[in-house]
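The first residue of the sequence shown is numbered 1, and numbering continues consecutively from there. Counting starts at 1 for both ligands and their atoms, in listed order. Not measured: the values here are computed from a predicted model.
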Amino acid sequence: MSASVEPTISEVDGSRAAEVLAVIHEAFGDRPPLDPPATALDETLDSVREALDAHGGLLVEHDGRPVGSLLFELRGRMLGLRRVGVLGSARGLGVAARLTAEAMRIATERHFGGIELEARVELPRTVAMWRHFGFVEAGRNGNRLTMLKLLPVRRVLPTAEDTRAFGGWLATLMRAGDMVILTGDLGAGKTTLTQGLGEGLGVRGDVTSPTFVIARVHPSLRGGLPLVHVDAYRLGDTAELDDLDLDTDIEEAVTVVEWGEGLAETLAHSRLEISLERGDDDVRTLTLTPVGPRWRELVF
Ligand code: ADP
Ligand code: MG
């Protein structure tokens, strides 16, 4: 008797086309009919072999049986995922999560900006699953949603000056309506980074940790974008950005929010999520995760 084992995942070429085709036909054959119809069932051994030989794909096996697969395609700076299929009999094994994680790993290795796929609006549970895996809607064409997951960027920042300089670099990217969410423990460097951003934008007033106010608006000294600095760190986990009665239109400003962990997910807004972690010495490790269509074309 074979014990139940974890599914395995591998990148495959055209030599595995028959197994990938079988997954596609079974997985897509299970879905309700769509209008316009999904074309997955038109795939043939030849079309799948050709796609796999050109760009590769992934195959997940469980107990020696193919249970999930996808095809890669090139979508500019993004690694595209097509024909993402998981057999109904393999649900609950985390196959789609494995496919997503492995595609992200390969996208990192090959210097793509992220991964992208199309989902049908008529399949809300599928769309919800991709959202759960960190994809966001980046466009819509009829009933086809483009969903995008960008790769995080990591930087090591040895000194406070490096953290400030990173903020200065961020300032060069900013447009009206942009939002930066900073997370990290007290003293991690959130305000330090915001100071560099404020200097880069050329705004008035020292950016400090406000003790009595939650939000402060720093107007531009040179006709540029104002900086809205929100210190919601102490608001706790019930805070909502909408609740802050800001006296400024955030669509006309750059908004930086120092925030507790895990709250950014409640925001619908495109944003740069930045977490700062303090190491043994004063070195900080920064992780920047771009979220949403605003950052689609950003080349890191
Ligand atoms: P937060 O807003 O996250 O609570 P602050 O930016 O107010 O943190 O404080 C960070 C403190 O740590 C500052 O006194 C800063 O000078 C110091 N510091 C030392 N090394 C670094 C570094 N590499 N990056 C950021 N801050 C640093
Ligand atoms: Mg602070």
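No side-chain donor-acceptor contact under 3.5 Å links Asp63 to the backbone of Arg65. A distance-only check finds no donor-acceptor pair linking the side chain of Thr39 to the backbone of Asp42 [under 3.5 Å].
Donor-acceptor pairing under 3.5 Å is recorded for the side chains of Thr191 and Glu258. Asp206 and Thr208 share no donor-acceptor pair across their side chains, judged by distance under 3.5 Å alone.
Within the set Val283, Asp282, Thr183, the minimum heavy-atom distance to atom 19 (C) of ligand 1 is found for Asp282. Looking at Val207, Thr163, Leu286, Thr194 and measuring to atom 25 (C) of ligand 1, the nearest heavy atom belongs to Thr163.
Relative ring orientation between Trp130 and Phe133 is described as perpendicular, the plane-to-plane angle rising above 60° on a 0-90° scale split at 30° and 60°.
For Leu193, the heavy-atom gap to ligand 1 stays at 4.0 angstrom or more. Residue contacts with ligand 1: Asp162 is excluded, as none of its non-hydrogen atoms falls under 4.0 Å. Residue Gly187 places a heavy atom under 4.0 Å from ligand 1.
Listed by number with element, the atoms of ligand 1 under 4.0 angstrom from any heavy atom of Pro158 are 23 (N). Atoms of ligand 1 lying under 4.0 Å from at least one heavy atom of Ala188, given by number and element, are 1 (P), 3 (O), 8 (O).
For atom 14 (O) of ligand 1, no protein non-hydrogen atom is found at a distance below 4.0 Å.
The Mg ion (ligand 2) does not have Thr194 among its coordinating residues (no N/O/S atom, backbone or side chain, under 2.8 Å). Among the atoms of Asp231, no N, O or S atom is found under 2.8 Å from the Mg ion (ligand 2).
The protein heavy-atom contact nearest to atom 5 (P) of ligand 1 is Thr192 OG1, 3.7 Å. What sits closest to atom 8 (O) of ligand 1 on the protein, heavy atoms only, is Gly189 N, 3.1 Å. Atom 16 (O) of ligand 1 has as its closest protein heavy atom Ala160 CB, 3.6 Å. Protein heavy atom closest to atom 7 (O) of ligand 1, with residue, atom name and distance, is Thr191 CB, 3.6 Å. With hydrogens left out, the protein atom closest to atom 18 (N) of ligand 1 is Arg284 NH2, 3.5 Å, a heavy atom.
Here the N, O or S atom of Glu258 that is nearest to the Mg ion (ligand 2) is OE1.
Under a cutoff of 6.0 Å and an axis angle of 45°, Arg110 and Phe112 do not form a cation-pi pair. At least one cation-pi condition fails for Arg271 and Trp295: the charged atom is not both under 6.0 angstrom from the six-membered ring centre and inside a 45 degree cone around its axis.
The minimum heavy-atom distance between Met174 and Leu201, with the atom names listed, is CB-CD2, 4.3 Å.
Considering backbone and side-chain atoms alike, Gly184 places every N or O at 3.5 Å or more from each N or O of ligand 1.
In summary, Arg82 and Glu118 do not engage in a salt bridge, as defined by a charged side-chain N under 4.0 Å from a carboxylate O. Using a 4.0 Å cut-off between charged side-chain N and carboxylate O, Glu277 and Arg284 make no salt bridge.
Each of Val127 and Val291 belongs to its own hydrophobic cluster when Ile, Leu, Val, Met, Phe, Trp and Tyr are linked at side-chain heavy-atom distances under 4.5 angstrom.
Under 4.0 angstrom from ligand 1, the non-hydrogen atoms of Asp185 all belong to its backbone.
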